[in-house]
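Notes follow the structure.
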Amino acid sequence: MANRVQPVGPEAAEDHTPPQAWWKVMCLTGVDYFSTLSYLPAIAALAAGALSPLATLLIVALTLLGMLPMYRRVAVESPHGQGSVAMLERLLPFWRGKTFVLILLGFVATSWIITITLSSADATVHLLENPYAPGFLHGHAVLATVVLLLVLGAVFLLGFNEAVVVAIPLVGLFLLLNAVIVAVGISEILTTPQLSSAWLQSLTEHGTGFLDIAGPAIIAFPLLVLGLSGFETGVSMMPLVATSGGDAEQRLASRVKNTRKLLTTAALIMSVYLITTSFITTVLIPPEQFAEGGEANGRALAYLAHETLGEGFGTIYDVSSILILWFAGASAMAGLINIVPRYLPAYGMAPEWGRAVRPVVLVYTFVCIVITIVFKADVNAQAGAYATGILAMMVSGAVAVTVSAARRRQRRATAAFALLTVILLYALIANVIEQPDGITISAMFIAGIVVVSIASRLSRAFELRVTDVQLDDTAQMFIRDCARRTVRLVANEPDARDAAEYSEKRAQSMKDHDLTDEQDFIFVEITVTDPSEFATGLKVHGEVMHGRYRVLTFESATVPNALAALLLHIRDSTGRQPHVYFEWTEGHPATNFLRFLFIGVGEVAPVTREVLRRAEPEKTKRPHVHAG
C-alpha cells in the first residue's frame with residue numbers, strides 16, 4: 001500500500017515512484033511502441049502486397065504530421081499524466097463527464113490490457129517457432145503465456161524502477177539487432193539489382209494509375225495503425241519524467257519539454273525503422289511466405305534474420321523479440337497504473353486501495369490471465385480488440401485537441417486536427433467493420449467498469465467524503481462563542497435569504513425541537529456544486545445576516561456528508577459534542593435516497609446520522625442529530 005497514485009489535478013502529488021530521465025522513460029514506453037516491428041512489416045506485406053512500403057509511408061506521414069503534433073499538444077494541456085481523457089472530461093460537466101470518462105476508460109483498459117495479453121501471446125509464438133525451442137513447450141502456448149504474465153506482474157510488484165531497468169537493455173538490444181537486419185537487407189538489395197527490378201515491376205501489375213497504386217495502400221492503412229500504439233502511453237507516463245527547476249512552474253515546464261523530447265525521439269526512430277523494414281521485407285521475402293502458414297507470417301524480420309544471417313543470429317533475434325514483446329506489456333501496465341487510479345477512486349467508483357500500485361498490479365495480472373485463458377493465447381483472436389481500443393483512444397485525443405484549438409480560435413490547427421480526427425475515425429470504423437469482435441470486447445470492458453464503478457459508489461456513499469475542513473475567522477468566532485454553552489446548528493436550505501426566511505426558520509425549529517428563545521443556534525447553509533464529485537474540501541464562511549442571524553455557508557458535492565464532517569470537526573476542535581437540527585424531508589424515502597446519490601441532497605437527516613455512525617464507532621462520542 002506504500003506507493004499511491006494521486007487523483008487528477010495540478011495539486012496532486014506525483015511521488016508514487018522516483019522520476020527518471022526522459023530517455024529512460026522512452027524505453028519503458030518503447031517496449032510497446034518499438035515491439036510492433038516484430039509483426040507490423042508482415043501485416044503490411046499481407047495487407048498491401050508489393051505496395052506495403054507505400055502503405056507504411058502513410059503511417060509514417062500520419063505519425064510525424066498528425067500523431068506527434070497532437071500528443072505534443074496533449075502533453076502541454078494535460079501535463080500530469082491524465083492524457084486526452086482529462087482534456088475531454090473538462091468539456092463535459094457533472095455526471096455526463098463522469099459517464100464519458102468511464103466509457104473512455106473502458107477503451108483504455110481494452111487497449112492496454114489486450115496489449116499485455118496479446119504481446120505475451122505473440123512472444124510465446126516467437127518462442128515456439130524457434131527451431132531450438134524445447135519440444136515439451138509445443139502445445140502449451142496458454143501455460144507459457146500465463147507464466148510470462150506472472151513474471152511481468154512480479155516485476156511491477158517490485159516497483160517502477162525495476163521495470164525501467166529491465167526496459168532499457170531490451171529496447172537497446174532490439175533496435176540494434178533490427179539495425180543489423182536492415183543494413184544487411186539494404187546491402188543485399190543494392191548488390192542484387194534484379195530484386196528491386198522485380199519489386200518495381202510488381203508495383204504496376206494491377207495498373208499504373210494513381211488509384212491503382214494508392215488505392216490498396218489506403219485500404220490497408222487501417223490495419224497498420226498498430227504502429228501508432230505508443231503515444232497515449234507516452235503522455236500517461238509524464239509523472240515519471242525527471243524535471244529540473246527552482247519552483248513548481250519551472251519543473252512543470254521542464255516536464256512538458258522533456259516529454260515532448262521523448263515523443264519526438266520515439267516517433268523519429270520508429271519512422272525510420274518502419275520505412276526501412278517494410279521495404280526490405282517486401283523486396284526480399286517471397287509473397288507466399290507472408291500468407292497464413294508461411295514462415296514469415298507475423299514474423300517477417302525474424303524470417304530475414306534466420307535466412308540472411310544464420311540460425312545463430314536468428315535465434316538471438318528471436319530471444320530479443322520474445323523479451324521485448326513480453327515486456328511490451330510493461331508499457332501498458334505502467335499506463336494503466338498511471339491513469340486509471342487517477343479517476344475511479346476519486347469518483348468514489350473504486351476502493352481507496354485502488355490508488356496503490358501493488359494491489360492494482362495484482363488485479364490487472366489476474367484479469368490478463370483470465371483473458372489469456374478465454375482466448376487460448378490466440379494472437380489473431382485478440383487483434384481486433386487491440387486495434388479498436390487503440391483507435392478509440394486516438395480518436396478521443398484528436399477530438400480533444402481539435403476542440404482545444406477551436407476554443408483558442410487557432411483556425412489552421414483546428415482544421416488540421418479536424419482532418420486528423422476524420423482520418424482516425426475512418427480507420428476506427430473500417431477496423432470495426434473488418435473485425436467487429438473488437439468493439440464487442442471493448443463493450444464488455446466498458447460494461448465491467450461501469451458495473452464495478454456503480455457498485456463501489458453505492459458502497460462508499462456513506463463515507464465522510466471530505467478531505468479537509470477550514471473555518472474562516474468569523475466562523476471560528478461563532479463556534480467558540482457557542483462552545484461555552486452548547487453548539488447548536490440548524491440546517492437551512494437557502495432561498496431568498498431575507499430576514500423573514502431566517503425568522504420563520506428559527507420559529508419553526510424552536511417549535512419542532514422544543515427549543516427556547518434563550519438557546520442560541522447557528523444556521524448552516526450548503527450549496528451543492530457538482531454532485532458527481534466524490535470528495536471535496538470544505539471552506540466554511542461565517543456571516544451575520546440582517547444584523548442578528550449567524551450563518552455558516554460553504555459548498556460541497558453532498559449535503560449530509562459535509563454536515564457530518566463539519567460536526568466532527570467542531571467536536572474535535574472544541575471538545576464538545578455539537579447538535580444539528582433537521583426538518584424531515586417530504587416524499588418517498590427511496591426517491592429521496594436516489595436524490596442523495598445523484599444530486600447530493602434528499603434524505604439528509606438519516607444519511608447524516610449514518611455517515612456519523614460509520615465515521616465514529618463509539619456512540620457516546622458522536623455529535624447529536626435531531627429531526628422534527
Side-chain angles (χ1 to χ4, degrees), residues 8-10 54-94 96-97 99-101 103-104 107-108 210-211 214-215 217-219 221-222 224-225 227-236 238 249 252-268 270-271 274 339 390-432:
V8 172
L54 299 182
T56 305
L57 274 176
L58 291 178
I59 291 295
V60 170
L62 185 64
T63 297
L64 299 179
L65 302 178
M67 304 302 294
L68 182 57
M70 178 176 92
Y71 279 103
R72 281 171 64 92
R73 184 165 188 137
V74 171
V76 173
E77 299 199 22
S78 183
H80 299 280
Q82 306 96 331
S84 58
V85 178
M87 293 176 65
L88 288 169
E89 183 194 29
R90 292 194 290 267
L91 300 176
L92 295 171
F94 306 117
R96 284 179 294 165
T99 304
F100 181 81
V101 169
I103 293 171
L104 202 51
F107 284 111
V108 170
F210 173 77
L211 289 178
I218 294 171
I219 293 171
F221 154 74
L224 307 184
V225 292
L228 307 173
S229 62
F231 284 100
E232 187 77 30
T233 313
V235 292
S236 75
M238 287 186 73
E249 187 175 345
L252 189 62
S254 174
R255 173 181 295 146
V256 171
K257 180 181 178 181
N258 288 338
T259 301
R260 296 177 86 175
K261 281 184 189 176
L262 181 159
L263 295 171
T264 304
T265 304
L268 290 173
M270 189 63 171
S271 296
L274 281 174
I339 196 167
I390 289 172
L391 282 166
M393 284 198 297
M394 292 176 185
V395 170
S396 70
V399 170
V401 294
T402 302
V403 174
S404 171
R407 287 187 169 183
R408 288 171 171 77
R409 298 184 179 179
Q410 299 167 336
R411 294 183 180 179
R412 291 185 179 179
T414 303
F417 288 132
L419 176 61
L420 177 62
T421 303
V422 171
I423 292 171
L424 293 174
L425 193 59
Y426 154 71
L428 175 60
I429 293 171
N431 183 267
V432 169

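Here the structure is a predicted model, which means the values were calculated and not measured.
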Report summary line: Interatomic distance, CE@Met393 vs CG@Leu428, rounded to 0.5 Å, equals 12.0 Å
Report task. Only counting residues at least two apart or in another chain, list the ones meeting side chain to side chain contact (heavy atoms under 4.5 Å, CB included) with Ile429. Result -> Leu425, Ile433
**Report entry** For Ala405, all residues meeting side chain to side chain contact (heavy atoms under 4.5 Å, CB included), sequence neighbours excluded
**Finding:** Arg73, Gln410, Ala413, Thr414, Phe417
Query raised in the report: Which distance, rounded to the nearest 0.5 Å, do you find between the CD1 of Ile390 and the CG of Leu424?
Result: 12.0 Å
Query raised in the report: What pairs with Arg72 under side-chain hydrogen bond (donor to acceptor under 3.5 Å, both in side chains), at least two apart in sequence or on another chain?
Result: Thr264
**Report entry** Minimum heavy-atom distance between Ala75 and Arg260, given as atom pair plus value
**Finding:** CB-CG, 4.4 Å
Query raised in the report: Heavy-atom distance under 4.5 Å between the side chains of Leu65 and Leu420, does that happen here?
Result: no
Query - Approximate separation, where rounding is to 0.5 Å, of Lys257 NZ and Leu252 CG - result: 14.0 Å
Query raised in the report: Which residues satisfy the side chain to side chain contact (heavy atoms under 4.5 Å, CB included) test with Ile103, sequence neighbours excluded?
Result: Thr99, Phe107, Ile446
Requested in this report: Check side chain to side chain contact (heavy atoms under 4.5 Å, CB included) between Val422 and all other residues, then give those that pass, not counting sequence neighbours.
Outcome: none
**Report entry** Where at least one partner belongs to residues 419-430, residue pairs that pass salt bridge (Lys or Arg N to Asp or Glu O under 4.0 Å), sequence neighbours excluded
**Finding:** none
Query raised in the report: Has the side chain of Thr265 got a donor or acceptor atom that lies under 3.5 Å from a matching backbone atom of Leu262?
Result: no
Query raised in the report: In Å and rounded to the nearest 0.5 Å, what is the CG to CE distance from Leu274 to Met270?
Result: 4.0 Å
Requested in this report: Check side-chain hydrogen bond (donor to acceptor under 3.5 Å, both in side chains) between Thr402 and all other residues, then give those that pass, not counting sequence neighbours.
Outcome: Thr421
Requested in this report: Could you list all the ring-ring contact (aromatic ring centres under 6.0 Å, His included) pairs where at least one residue sits in residues 56-78, not counting sequence neighbours?
Outcome: Tyr71-Phe231
Query - Under the side-chain hydrogen bond (donor to acceptor under 3.5 Å, both in side chains) test, residues paired with Arg408 that sit two or more places apart - result: Ser404
Report task. Please list, chain by chain and in numerical order, all residues satisfying side-chain hydrogen bond (donor to acceptor under 3.5 Å, both in side chains) with Thr259, sequence neighbours excluded. Result -> none
Report summary line: To the nearest 0.5 Å, atom CG of Leu62 lies from atom CG of Leu58 at 8.5 Å
**Report entry** Within-4.5 Å side-chain heavy-atom neighbours: Val432 and Leu391
**Finding:** no
